[in-house]
Amino acid sequence: MSDAALDRSRRTWIAITCGAGAVGGVATAVPFVSTFTPSERARAAGAPVRVDISALQPGEKMTVEWRGKPVWILRRTSEMLESLKKTDAQVADPNSDRTQYPTPEYAKNEWRSIKPEYLVAVGICSHLGCSPSDKLQPGAQPSLPDDWQGGFLCPCHGSTFDLAGRVFKNKPAPDNLEVPPHMYLSDTTLLIGEDKQA
């Protein structure tokens, strides 16, 4: 075999080998790169949650899950809304100015909500991540002051929150309950996790 024929044969084998290597490289890279895209389950976990609040009566609370967190939706009565004026001087951050859990601008008001009637808050204490329990009824109760106006009590270390999710002074919790991004799609439908139109 001549040198020219041998050279052509080598080039052919080099080209075949390079082609096979490239195909193998792509075959290996595609599954690896695809692991960087979130799974359907992960996308669903972070997706906004649509909530029908049409059956929620004044004084009632419902809980939905968003990003693995409990989100409370409390439909406050007019008496509950009035009680917020009485707790203003007793809470640590009445205007939600602290920045650990920044309050959206549309909830920086005395009700901490878009619509005064509805409180939308993440039901996780800002101290150690416990879930406070409902103490919505006013009046003296165990572990609560005699002038209790209604709100939430974290049983772990005694942090208390009013009916707007504001933490009382001198409690272990450093911040108010978080207000998640949310908006109303209609009078009876709430979207938690997105607030582009708010």
Side-chain angles (χ1 to χ4, degrees), residues 38 42-127 129-136 138 149-154 159-169 171 173-198:
R43 277 196 291 270
V49 176
R50 190 181 293 246
V51 185
D52 180 0
I53 57 173
S54 61
L56 198 60
Q57 297 301 308
E60 290 182 348
K61 185 187 97 172
M62 65 187 295
T63 304
V64 296
E65 186 177 331
W66 171 68
R67 292 190 174 176
K69 302 175 188 175
V71 175
W72 297 339
I73 304 162
L74 172 65
R75 185 172 180 187
R76 296 177 285 206
T77 63
S78 56
E79 293 80 17
M80 288 173 157
L81 291 171
E82 268 308 302
S83 77
L84 296 177
K85 293 175 183 166
K86 298 174 187 173
T87 57
D88 267 347
Q90 300 171 345
V91 295
D93 184 19
N95 301 317
S96 301
D97 293 325
R98 293 183 182 169
T99 57
Q100 182 178 351
Y101 298 110
T103 300
E105 283 303 316
Y106 50 80
K108 280 197 158 201
N109 52 49
E110 65 182 296
W111 314 287
R112 295 186 78 229
S113 62
I114 297 172
K115 295 182 178 186
E117 191 175 359
Y118 293 99
L119 169 68
V120 180
V122 175
I124 296 176
C125 180
S126 57
H127 181 219
C130 305
S131 188
S133 54
D134 297 351
K135 297 293 181 183
L136 303 179
Q149 297 297 317
F152 310 96
L153 167 68
C154 186
S159 293
T160 47
F161 302 87
D162 71 1
L163 291 165
R166 301 179 298 181
V167 67
F168 282 83
K169 292 176 182 175
K171 297 296 177 178
D175 220 328
N176 296 334
L177 296 178
E178 178 185 359
V179 174
H182 65 282
M183 63 186 189
Y184 290 86
L185 300 178
S186 71
D187 286 340
T188 59
T189 307
L190 183 62
L191 187 68
I192 297 168
E194 194 173 301
D195 57 5
K196 291 178 184 165
Q197 297 171 8

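These numbers come from a predicted model, not from an experiment. Starting from 1, each residue takes its place in the sequence as its number.
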Would you indicate whether the side-chain heavy atoms of [Y] and [X] approach each other to under 4.5 Å?
X	Y	answer
Gln90	Asp162	no
Ile192	Ile73	yes
Lys108	Asp97	yes
Phe152	Cys125	no
Thr189	Arg50	yes
Pro180	Val120	yes
Leu163	Ser83	yes
Leu136	Leu74	yes

**Study point:** Result of checking Leu190, Leu191, Val51 against Leu185 for side-chain contact (heavy atoms from CB on, under 4.5 Å)
**Key:** Leu191
For the residue pair [X] and [Y], what are the closest heavy atoms and their distance?
X	Y	result
Ser113	Arg76	OG-NH2, 3.1 Å
Ala164	Leu119	O-CD1, 3.7 Å
Gly123	Ser131	O-OG, 3.0 Å
Lys115	Ser186	NZ-O, 4.4 Å
Gly59	Met80	CA-CE, 4.1 Å
Ala92	Arg98	CB-NH2, 3.6 Å

Euclidean distance, [Y] [atom2] relative to [X] [atom1], rounded to 0.5 Å:
X	Y	atom1	atom2	answer
Thr87	Phe161	OG1	CZ	13.0 Å
Arg166	Thr103	CZ	OG1	11.0 Å
Glu178	Ser96	CD	OG	12.0 Å
Asp134	Lys61	CG	NZ	3.5 Å
Asp195	Tyr184	CG	OH	12.5 Å

Point to revise | Side-chain donor or acceptor of Lys85 paired with backbone N/O of Glu110 under 3.5 Å | key: no
**Study point:** Main-chain N/O of Ser54 paired to Asp52 side chain as donor or acceptor, under 3.5 Å
**Key:**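 Pair found, side chain donor or acceptor close to backbone of Ser54.
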Review point. Should the pair Asp93-Arg112 be classified as a salt bridge under the 4.0 Å nitrogen-to-oxygen rule?
Key: no
Practice item. Flag yes if more than 12 heavy atoms outside Asp187 fall under 6.0 Å of its CG atom; otherwise flag no. Key: no
Review point. Would Asp175 and Ser126 count as having a side-chain donor-acceptor pair, cut-off 3.5 Å?
Key: no
**Study point:** Test side-chain hydrogen bond (donor to acceptor under 3.5 Å, both in side chains) applied to Glu117 - qualifying residues, sequence neighbours left out
**Key:** Arg75
Review point. With respect to His182, which candidate in Trp66, Trp72, Tyr118, Tyr106 satisfies the ring pair (Phe, Tyr, Trp, His ring centres under 6.0 Å) definition?
Key: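 Answer after filtering Trp66, Trp72, Tyr118, Tyr106: Tyr106.
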